[in-house]
Protein chains: 2
Amino acid sequence: MKTKYIIGIDLGGTNLKIALLNTNYKIKSKQFLSTKCFKKKEALITAICDSIIVILAASNLSRNDILGVGLGLPGPINSKDGIVHFFPNIPGWKEVGLRKILQAKLKIPVSLDNDANLMSLAEFRLGAAKECKNAICITLGTGVGGGLIINGSLYRGSAYASGEIGHVPINEVGVRCNCGGEACLEAYVGNNRILEQARKAFGRNITLEELSVLALRKNKLAVKIWDDFGRRLGIALTGVVNLLNLDAIVIGGGVANAGNFLFNKIKQTIDERAMSVQARHVKIFKAKLGSDAGMIGAAILVKEGI
Amino acid sequence: MKTKYIIGIDLGGTNLKIALLNTNYKIKSKQFLSTKCFKKKEALITAICDSIIVILAASNLSRNDILGVGLGLPGPINSKDGIVHFFPNIPGWKEVGLRKILQAKLKIPVSLDNDANLMSLAEFRLGAAKECKNAICITLGTGVGGGLIINGSLYRGSAYASGEIGHVPINEVGVRCNCGGEACLEAYVGNNRILEQARKAFGRNITLEELSVLALRKNKLAVKIWDDFGRRLGIALTGVVNLLNLDAIVIGGGVANAGNFLFNKIKQTIDERAMSVQARHVKIFKAKLGSDAGMIGAAILVKEGI
């Protein structure tokens, strides 16, 4: 039998990333487009289809060589019926039957899921959470997303909307969150909030990278910002591990590179505040698959049909 | 074939409750003992065995008529290996192989699990959460316990220590909790804390029943205490539903009888603070099986062998 390939796609608010993978999830080629170039839903769908055709042609493959197309998408997705409920950060999408549309255009089987779910699936099958049965995978960025592995399977929730660790409240009263809630974790540790805290502390604009370098050099203001970040994430995770008694917490996204002191502060907070059995049992890992995780997870979704 | 029966036992810090059930989980007879009468572990184990022998004799049954003995126990339990890790409120128990001990004495198959897990299992199979796939069942008492149903099964966690909704922090900084943590839900809404708040507000000792009656009569101080209770429970549950996207929240324990205003306040808080999909999807029910839930859950554990 001829070797088959999989197309793995990761659509974010900023980039549309498309990869050709073999069935062992090795990326053979990939290409990035800027999501913002495609203002309308139809233009974005056409761009996805065109990119797939281009990546196949460049590798001398036809649609018969492709097992399926998997897509990780930035919002709540009914993965069973292949429907996008909406995208919080890309306007114009509401209850879109994307699987049906793409399958009609491409004549290739299509699978969809939420991007954080697919990142978690990838880290669980091939990355940092490989030996774990129950885990949460977190992406730290503008938003704070998450995906859950429960009893060795991706857990999607009753309406495909699970994993929202960014919207666990960490105070009774606090800042308003973009989700409409109050005092959510994301409202304290989303990238924009960290940059705002840094601007206030240093009296000028400062990048997250510079903030990390300053903390490594033991700059007190920078250390304080990362300490607060780790402590707050640790408090939200204390609730999660007391509730779910997990094996592992996997942390990815740009901020995960801030340095060991961030991981140490998270661990210290959980050790101090979580119940002893749950705290002893949980391990904290840095995500292993980096920005490829979404595309790899999309390919796993296709191959495993889950 | 002769009809079989099941023994369902619910051991609490206060009462040891023993029931004889048929295989449709109907309670044929039950008896209560005071847990505090048995100071030593061995005395308590002997009391359990003696009670089983008494209840069998009274119903004219022999051990061959019994499918098994199920026990719901107040602490973390390795239900697979039948081991009690410890009981937070009954001294003298540490890593006790209780299943092996009881099976040797009784010559009947024995199953063990945590009491909140078995209450959840009972409400899920026969009670308020019967049609649900993903649910949390909460018991409000001196402690605030919980059990999780995930994808239609009891979820026990990686080290048999899941479901601890009472130990989800609801503030970054707050009162110390009995578990060693800080600002846990239980530290605000455990019965003793509510009684303390009531004593401060009214300048005298007041029971929970009286506090409910006063609130029903619209006494402002009493309404405020129950409002704070519902709001705080609602905030912890906001995190839980954003994370797990549940179908149902089942609330039991004495305080669940406080009145509809408690349930309304919980619902209102979740509606205001949880994400729209998760909030719309979750229903809140009062537990149906009351104080029998633990014994019924223990019987389900025996029959279903889960």
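Computed from heavy atoms alone, side chains included, the values below leave out hydrogens, waters and symmetry copies. In what follows, chains carry the letters A, B, and so on, assigned in the order in which the sequence lines appear, proteins first and then strands, with residues in each chain numbered from 1.
Counting heavy-atom pairs closer than 4.5 Å to chain A, the top-ranked of the candidates B/G239, B/A161, B/S153 is B/A161. Among the candidates B/G166, B/P169, B/G180, the residue making the largest number of heavy-atom pairs closer than 4.5 Å to chain A is B/P169. Counting heavy-atom pairs under 4.5 Å between each of B/R280, B/Q278, B/H85, B/K133 and chain A puts B/Q278 at the top. Looking only at heavy-atom pairs under 4.5 Å with chain B, the residue among A/G157, A/G146, A/S158, A/G181 that has the most is A/S158. Comparing B/A183, B/S276, B/P76, B/A159 by heavy-atom pairs within less than 4.5 Å of chain A, the highest count is held by B/A159. Between chain A and the options B/E172, B/H167, B/M275, B/R273, heavy-atom pairs under 4.5 Å are most frequent for B/E172. With chain A as partner, the option from B/I235, B/I170, B/V168 having the largest number of non-hydrogen pairs under 4.5 angstrom is B/I170. Note: A/L244 leads A/D247, A/L244, A/V277, A/L246 in heavy-atom pairs under 4.5 Å with chain B.
A 4.5 Å side-chain heavy-atom check between A/L73 and A/L98 finds at least one atom pair inside the cut-off.
Both the backbone and the side chain of A/L243 come within less than 4.5 Å of a heavy atom of chain B. The part of B/I136 that comes within reach of chain A is its side chain, from C-beta onward, which places non-hydrogen atoms under 4.5 angstrom from that chain. Both the backbone and the side chain of A/E182 have a heavy atom closer than 4.5 Å to some heavy atom of chain B.
Taking a cutoff of 4.0 Å between a charged side-chain nitrogen and a carboxylate oxygen, A/E186 and A/R193 do not qualify as a salt bridge. Under the 4.0 Å criterion applied to side-chain N and carboxylate O atoms, A/K224 and A/D228 are assigned as salt-bridge partners. Ion pair A/E123/A/K288 not flagged as a salt bridge, since none of the NZ, NE, NH1 or NH2 atoms sits closer than 4.0 Å to an Asp/Glu carboxylate oxygen.
Side-chain N or O atoms of A/N114 include one that pairs as donor or acceptor with a backbone N or O of A/G75 at under 3.5 Å. A donor-acceptor pair under 3.5 Å is formed between the side chain of B/S162 and the backbone N or O of B/Y155.
A/L148 and A/S120 get closest at one heavy-atom pair: N-OG, 4.3 Å.
Ring centroids of B/W93 and B/F87 are separated by less than 6.0 Å, placing the two rings close together.
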